[in-house]
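Structure first, commentary second.
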Amino acid sequence: MVVDDEPTVRYGLRNYMNWEKYGIEFSGEADDGDTALEAIEQFMPDIVLTDVRMPNMDGITLSQEIRSRYPHIKIVFVSGHDDAEYMKSAMKVSAVDYIFKPVNLQELCSVIERVVADLHAESTERRMMQDMQVKLKESMPLLREKFLMSLISDKVSQPERIRERMDFLGLQLLRAASFWVIVISVDNLADIRETRSEQDWQLLCYAVQHVCQELADHYLNGFIFEYRGEFVGILYVDTGKVSVEENSHNRSAIDNSEERLFLLASDIWLSIPKITHL
């Protein structure tokens, strides 16, 4: 986008520069900072070439507004005033370059090449960050299990940062709570493993863990995860949690935490054989 109060300058920049050569689509023009802001909001350009001195809103003020609202936009000043103070102001608003009038086409091409290269580099970096965020989200269950395993194996690095790591991993474990660690072993696990394909085995492990987690969520709070061929649970009671569901054991009537733990163990003992014999 070009912003200049001189029609001949806007015409020249629009028509004498081969924007398509640099993969740029000319999105519009404005004769003042005020109208430029409206056009920027509408077209959201990547690059703004703006004059410095204009009647209502000058280029410095416009650039400050752009930097505040749209920090990704690249700003290039185009001015006929060789003024050191304006140059300093341009640098303060992080303008990428400053071109004097009359505009030298070769100089303008060099500036645009640098700006386009910067835009491509930033776009590549954003895509990489997005890809990393997706991969991090996909690996979150594994990272949670790794952290929980470190808790029970006494291999927690930087224990003073445990709360920060739990928040990052989305693990809601209360500080002021009584915890239990339970171990769930499946009978004849080695024999069951021999009779299953790798896919069936992984599905079986997932089913066991999923059922145990559902039962744990019903009676208590905490997390169930696989550890060295067994299933481990780190469980606790949240006294502020109110049950919204009742089953045959009538959880709302269970006040004793140890009784809840016993009922959980009983249900797991009854449920696991049904899964492993499928």
Side-chain angles (χ1 to χ4, degrees), residues 1-139 168:
M1 174 174 288
V2 172
V3 185
D4 199 295
D5 60 334
E6 298 181 43
T8 55
V9 174
R10 297 199 305 273
Y11 180 86
L13 289 173
R14 181 177 69 247
N15 294 287
Y16 296 145
M17 177 70 177
N18 186 2
W19 297 107
E20 292 182 358
K21 176 182 176 181
Y22 303 97
I24 297 174
E25 179 183 352
F26 193 90
S27 60
E29 60 183 65
D31 59 2
D32 186 74
D34 291 330
T35 55
L37 281 177
E38 296 176 5
I40 288 170
E41 184 177 357
Q42 180 180 356
F43 297 109
M44 293 301 294
D46 295 305
I47 306 171
V48 172
L49 282 74
T50 179
D51 191 8
V52 174
R53 296 188 179 183
M54 293 180 289
N56 296 320
M57 180 185 291
D58 63 24
I60 301 299
T61 305
L62 169 63
S63 299
Q64 290 170 341
E65 290 293 327
I66 293 174
R67 185 63 57 226
S68 173
R69 303 183 194 183
Y70 316 105
H72 66 282
I73 293 179
K74 304 297 182 186
I75 302 167
V76 178
F77 282 118
V78 182
S79 177
H81 303 279
D82 187 1
D83 190 326
E85 290 304 316
Y86 275 103
M87 291 285 285
K88 290 179 183 178
S89 298
M91 295 305 104
K92 286 180 180 178
V93 293
S94 303
V96 295
D97 221 317
Y98 196 109
I99 302 174
F100 292 111
K101 298 176 183 177
V103 176
N104 180 291
L105 190 59
Q106 185 176 354
E107 182 184 3
L108 178 59
C109 289
S110 297
V111 169
I112 294 302
E113 283 180 359
R114 290 196 298 271
V115 174
V116 169
D118 288 344
L119 287 170
H120 286 164
E122 291 175 4
S123 178
T124 299
E125 184 178 354
R126 283 195 301 271
R127 286 197 301 270
M128 289 179 59
M129 289 299 297
Q130 290 170 355
D131 290 343
M132 289 174 63
Q133 290 289 343
V134 170
K135 291 178 181 177
L136 179 62
K137 186 176 181 179
E138 291 174 347
S139 64
F168 168 72

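Basis for what follows: all heavy atoms, side chains included, without hydrogens, waters or symmetry-related copies.
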- [ ] Any pair with a residue in residues 15-27 that passes side chain to side chain donor-acceptor pair (under 3.5 Å), sequence neighbours left out, goes on the list, sorted by first then second residue, please.
- [x] none
- [ ] Taking the side chain as every heavy atom from C-beta outward, state whether L108 and I99 have any pair of such atoms under 4.5 Å apart.
- [x] yes
Open item on the list: Do V96 and I75 make a side-chain contact, defined as non-hydrogen atoms from C-beta onward lying under 4.5 Å apart?
Closed with: no
Open item on the list: Can you confirm whether I60 sits close enough to V52 that some side-chain heavy atom of one is under 4.5 Å from a side-chain heavy atom of the other?
Closed with: yes
Task: With sequence neighbours excluded, residues passing side-chain hydrogen bond (donor to acceptor under 3.5 Å, both in side chains) with D31 - done: T35
Task: Distance, nearest 0.5 Å, that separates CD of E125 from NE2 of H120 - done: 14.5 Å
Open item on the list: Checking F168 now: which residues fulfil side-chain contact (heavy atoms from CB on, under 4.5 Å) with it, not counting sequence neighbours?
Closed with: L136, M140
Open item on the list: Quick check: do D97 and V111 have side-chain heavy atoms less than 4.5 Å from each other?
Closed with: yes
Task: CA sep, side-chain torsions, deciding dist, call: F26, V2, side-chain contact (heavy atoms from CB on, under 4.5 Å) - done: CA-CA 9 Å; F26 193 90; V2 172; 3.6 Å; yes
Open item on the list: Ignoring hydrogens, what is the shortest heavy-atom contact between I73 and R67? Give both atom names and the distance.
Closed with: O-NH1, 3.2 Å
Open item on the list: Could you work out, with side-chain contact (heavy atoms from CB on, under 4.5 Å) as the rule, every residue matching P71, not counting sequence neighbours?
Closed with: none
Open item on the list: Run the salt bridge (charged side-chain N to carboxylate O under 4.0 Å, His left out) test against E6 and tell me which residues pass, sequence neighbours left out.
Closed with: K101
- [ ] Determine whether L119 and V115 make a side-chain contact, defined as any pair of heavy atoms from C-beta on separated by less than 4.5 Å.
- [x] yes
TODO: Could you pull out all residues at least two apart from E29 that satisfy salt bridge (charged side-chain N to carboxylate O under 4.0 Å, His left out)?
DONE: R10, R14
Task: Residues forming a side-chain hydrogen bond (donor to acceptor under 3.5 Å, both in side chains) with S139, sequence neighbours excluded - done: none
Task: Shortest non-hydrogen contact between S79 and Y98, atoms and distance - done: CB-OH, 3.5 Å
- [ ] First locate atom CD1 of I24, then atom CE of M1, and finally report the distance between them rounded to the nearest 0.5 Å.
- [x] 13.5 Å
Residues 37-48 side chain polar contacts: donor-acceptor under 3.5 Å, at least two apart:
none

Task: For S110, all residues meeting side-chain contact (heavy atoms from CB on, under 4.5 Å), sequence neighbours excluded - done: R114
Task: Pairing residues for T124 by the side-chain hydrogen bond (donor to acceptor under 3.5 Å, both in side chains) criterion, not counting sequence neighbours - done: R127
Open item on the list: Taking the side chain as everything from C-beta on, heavy atoms only, tell me whether M17 gets closer than 4.5 Å to V103.
Closed with: no
TODO: For S63 and G59, indicate whether the former's side chain and the latter's backbone hold a donor-acceptor pair under 3.5 Å.
DONE: yes
TODO: Write down the atom of G33, the atom of L62, and the distance for their closest heavy-atom approach.
DONE: O-CD1, 3.7 Å
- [ ] For the residue pair V78 and F100, establish whether any side-chain heavy-atom pair is separated by less than 4.5 Å.
- [x] no
Task: side-chain hydrogen bond (donor to acceptor under 3.5 Å, both in side chains) involving E122 - partner list, sequence neighbours excluded - done: K74
- [ ] Applying salt bridge (charged side-chain N to carboxylate O under 4.0 Å, His left out), name anything that partners R126, two or more places apart in sequence or on another chain.
- [x] none
